[in-house]
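Data block below; observations after.
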Amino acid sequence: MRSRIPLPEDRPWRVLGLMSGTSADGVDVVAVEVDPAAFPDGLPFRALLGHRATPYPESMKAEVLAAASNRLDPAGLCILQRRLGDHHARAAADLCANLGLKPDFASLHGQTVQHHPAEGATLQLADPYVLAEALGCPVVWDLRRRDLALGGQGAPLVPLPERWLRGAEPWLALNLGGIANLAYWDGTRLRAWDTGPGMSLLDLAAHRWLGLAFDPGGAAATGTVHADLLERWLRHPYFLQEPPKSTGREVFGEAWLEGQAPALESIPLPDRLATLAAFSAEAVARETARLTPLAAETRGLVSGGGALHGRLRAELGARLALPLEDDTVFPSGAREAVSWALLGAASALGLPGNLPEVTGAARPAALGSWVWP
């Protein structure tokens, strides 16, 4: 297949994927090899060449969370975009230097700070111009808004790359990032959507009551689950919506935790964390129930930071009939960045990067805007 932009035609492409998830803890950069001629067969991924995770400084993370909670003014948003752009560019340049790699192009997600699909709006802060200057290669970015312009949710977009990366046998992939999402391939049809909170509330609770960025391994979540709180939280309107649907920290983030803090602070700290873990797990279980019955021999896979949270994994194990195994094909944090690199390659070829049956868009479309060095 021929690219819409000047790219090599005699070898696989070397593509960077940059992903900053709803956990808001930093940027993952991957370098991958993509065979553009293999897209029609659904197997464009060739190799992972390298991966680098670069955490945000605490001050930057605090500003990202403030932006997600409507506490950052326009000037602050403007400056934060440039700071995030510089951070992404340094992370990408460092990976390329370590690998001795000159990328053909980069696919940039940016940091989501607002997502309002009902209003057709989403905001990812990044600076593709800074990245293009740092790398000396084209950059594709802002991949979500075309889907929103077509009436879609703008999310999730990774299910199509998941289909390109996984086999033809049935699978259910659960990603436990800040917001949890599932993708299910039954052998003929792909379905996917956000299930609700993943680690967003647990990490905010760890910061509020433990003074930590997160609770390592879920070690402090040893208490009793309070069923009254759990049932009240599960009456949230998001869980009544039918897919396609997506959500973010503006729904399950700092404002939500602040509203529930009086009730949570009336119970012991281990109970607070255990109940929040059960909330994320039960939301996953109820959303997964929309898929039943699952195809025979469906393989359950779990990735994301929540896969390392012992109490969350235990609560999932108690609520899901499908056993979950760790997804170890890519290093922790790399999978979504790999997916974004593949979406960028699809954009270069003019191929759709969205699935209308997943996002609700009116039609499939090539995604993103391109910036030249």
Side-chain angles (χ1 to χ4, degrees), residues 1-20 27-54 84-110 124 126-146 157-158 160-165 329-331 333-354 364-373:
M1 300 186 70
R2 293 183 63 87
S3 169
R4 298 186 298 169
I5 63 175
L7 287 171
E9 297 183 7
D10 59 347
R11 61 167 174 80
W13 295 340
R14 294 183 285 268
V15 184
L16 294 189
L18 293 87
M19 170 58 69
S20 302
V27 57
D28 283 284
V29 186
V30 298
V32 301
E33 196 172 82
V34 177
D35 181 0
F39 270 94
D41 297 326
L43 297 170
F45 176 78
R46 289 281 297 269
L48 176 66
L49 304 177
H51 168 236
R52 182 182 184 90
T54 306
L84 286 166
D86 290 341
H87 186 86
H88 282 62
R90 283 192 297 270
D94 287 348
L95 177 62
C96 289
N98 289 343
L99 296 175
L101 175 74
K102 170 66 174 175
D104 295 310
F105 64 91
S107 183
L108 171 65
H109 181 273
Q124 285 74 44
D127 197 323
Y129 303 99
V130 172
L131 186 61
E133 291 297 326
L135 300 178
C137 71
V139 174
V140 61
W141 75 301
D142 204 17
L143 277 75
R144 296 192 184 277
R145 285 200 293 164
R146 172 57 65 86
L157 294 181
V158 297
L160 183 55
E162 289 280 0
R163 181 70 185 91
W164 294 331
L165 288 165
V329 173
F330 296 109
R335 177 172 283 278
E336 283 192 286
V338 171
S339 294
W340 222 251
L342 292 173
L343 287 172
S347 178
L349 292 166
L351 296 175
N354 63 334
L367 306 177
S369 299
W370 285 84
V371 169
W372 311 103

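Heavy atoms only: backbone and side chains are in, while hydrogens, waters and symmetry mates are out.
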Begin with the C-alpha distance, continue with both residues' side-chain angles, and end with the deciding distance and a verdict on side chain to side chain contact (heavy atoms under 4.5 Å, CB included) for Thr54 and Arg90.
-> CA-CA 9 Å; Thr54 306; Arg90 283 192 297 270; over 6 Å; no
Run the numbers on Phe45 and Trp164 for side chain to side chain contact (heavy atoms under 4.5 Å, CB included), then give the verdict.
-> CA-CA 7 Å; Phe45 176 78; Trp164 294 331; over 6 Å; no
Could you check Ser20 against His87 for side chain to side chain donor-acceptor pair (under 3.5 Å), going step by step and ending with a plain yes or no?
-> CA-CA 11 Å; Ser20 302; His87 186 86; over 6 Å; no
Could you walk me through whether Val29 and Asp94 pass the side chain to side chain contact (heavy atoms under 4.5 Å, CB included) test, one step at a time?
-> CA-CA 10 Å; Val29 186; Asp94 287 348; over 6 Å; no
Stepwise side chain to side chain contact (heavy atoms under 4.5 Å, CB included) check, Val30 with Phe330 = CA-CA 10 Å; Val30 298; Phe330 296 109; over 6 Å; no
In residues 339-350, what donor-acceptor pairs under 3.5 Å come from side-chain atoms, sequence neighbours left out?
from	atom 1	to	atom 2	distance (Å)
Ser339	OG	Arg335	O	3.3
Ser347	OG	Leu367	O	2.6
Ser347	OG	Trp370	NE1	3.1

Listed pairs under 3.5 Å, donor-acceptor, residues 136-146 side chains, sequence neighbours left out:
from	atom 1	to	atom 2	distance (Å)
Asp142	OD1	Arg145	NE	3.2
Asp142	OD2	Arg145	NE	2.8
Asp142	OD2	Arg145	NH2	2.6
Arg144	NE	His109	NE2	3.2
Arg144	NH1	Gly154	O	2.7
Arg144	NH2	His109	NE2	3.0

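Considering CG of Leu43 and CZ of Arg163, their distance stands at 8.5 Å, rounded to 0.5 Å. With rounding to the nearest 0.5 Å, the separation of CZ in Phe105 from CG in Leu7 is 6.0 Å.
Using a 4.5 Å heavy-atom cutoff, the side chains of Leu18 and Leu131 are in contact. Two residues are said to be in side-chain contact when any heavy atoms from C-beta on lie closer than 4.5 Å; Leu84 and Gln124 fail this criterion.
A pairwise comparison of heavy atoms in Asp28 and His51 identifies OD1-NE2, 2.8 Å as the closest pair. Taking each heavy atom of Asn98 and Arg52 in turn, the nearest pair found is ND2-NH1, 3.2 Å. For Leu16 against Leu135, the heavy-atom pair with the smallest separation is CD1-CD1, 3.6 Å.
No side-chain donor-acceptor contact under 3.5 Å links Asp35 to the backbone of Pro12. For Asn354 (side chain) and Ala365 (main-chain N/O), a donor-acceptor pair under 3.5 Å exists by modelled atom type.
Using modelled atom types and a 3.5 Å distance limit, the side chains of Asp127 and His88 yield no donor-acceptor pair.
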